[in-house]
Amino acid sequence: MRKNIVAGNWKMNKNLQEGLDLVKDLQTALFNKKVKCDVIVCMPFVHLASVNGMIDKTKVKLGAQNCADKASGAYTGEVSAEMVASTGAKYVILGHSERRAYYGETNAILKEKVQLALANNLTPIFCIGEVLAERESGKQNAVVKKQIEEGLFDLSVEDFGKVVLAYEPVWAIGTGKTATSAQAQEMHAFIRQTLAAKYGQAAADATSILYGGSCNAGNAKELFTNPDVDGGLIGGASLKVDTFIPIVEAF
Ligand code: PEP
C-alpha cells in the first residue's frame, strides 16, 4: 500500500552548518517518537554528503531539490542525478513550480530528469500544480493532467511505481493561502483517476500523492485526513523543528 510521507523542502535556505544543526535537532525531536509517516528532508546539493554522514536513516531520509536533465559532460554548474545519488540521497524533488517558473523547466525537460533520477535509483517527488489564473478559469484539471502526461506517462508501469507525486497549487506556495481540504481532496482524486486510466487502479492506489502549499501545524491534520492525500511537501514550515514536527505528527 502507498506510504504516508512528510517531506521538507528547504529551498535556498540554511548554510551548511545551519542545515546540519537542523537535521540534528530534527533527529533529537524524533528520537523515541513513533511516527506514522516517512520523513524526508530535501536540501541544497552542497549539504547532502555531510548530512548523509550524520543522518539516522531509520528516522529521516535525504533528498535533493533538483538534478540535471543530462547524464554528464560539459554542462557547467549542473549537478547530475548520478552525483546526487553518490551522496547517499534517495529522493529528488523535480518540477517544483519555482523551477518551472524561474528556470524555464518544461515538461519535456522534466521528463528527462525523471528518467535520469530513476536510472540512478533516486525517487522523484514530481511536482504539479496550476497557477491562480488557471484555477480561476477552471483549467486546473487540464493543466495538471498535461503536466503528468508529458512528464511521466512515457514511464513503464514498473518505473512509474517508484514515483511520488506532489500536488502544489502555485497560488498556495509561500502565500499563506492553503487549498481547502475539499479542494485538495478533489484534485488528488482527479490525479489518482488520471493515473488509474493510464497505469491501472492498483498502480494508482499504490502511488503517494502529497499536498504542498502553506501546509502547517494548523491545517495538516485536516488535509491529511482526506483519503487521497498521502502527506505533504512542506516549504516554510520545514525550516524549524517546532513548525515541522507537528506536521509529521499530524498522521
Ligand atoms: C513548497 O515550496 O514546496 C511549499 C509547499 O512551500 P510552502 O509550504 O512554504 O508553501
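Numbering starts at 1 and runs along the sequence shown. What you are looking at is a predicted structure, and each value in this text was computed from that prediction instead of being measured. Whatever order the structure lists them in is the order used to number ligands and atoms, beginning at 1.
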For residues 7-62, which residue pairs pass the ring pair (Phe, Tyr, Trp, His ring centres under 6.0 Å) check, not counting sequence neighbours?
none

The single option from Arg192, His188, Gln193 that satisfies side chain to side chain donor-acceptor pair (under 3.5 Å) with Asp228 is Arg192

Under 30°, 30 to 60°, or over 60°: which ring-plane class applies to Phe160 and Phe153, parallel, tilted or perpendicular?
perpendicular

List the protein residues in contact with ligand 1, where contact means a heavy-atom separation under 4.0 angstrom.
Asn9, Lys11, His96, Glu168, Ala172, Ile173, Gly174, Gly212, Gly213, Ser214, Leu233, Ile234, Gly235, Gly236

Looking at Asp21 and Lys24, is there a salt bridge between them, counting it only when a charged N and a carboxylate O are closer than 4.0 Å?
no

Going by heavy atoms in the side chains, are Met187 and Glu130 under 4.5 Å from each other?
yes

Pick out which of His96, Lys113, Arg100 makes a side chain to side chain donor-acceptor pair (under 3.5 Å) with Glu105.
Lys113

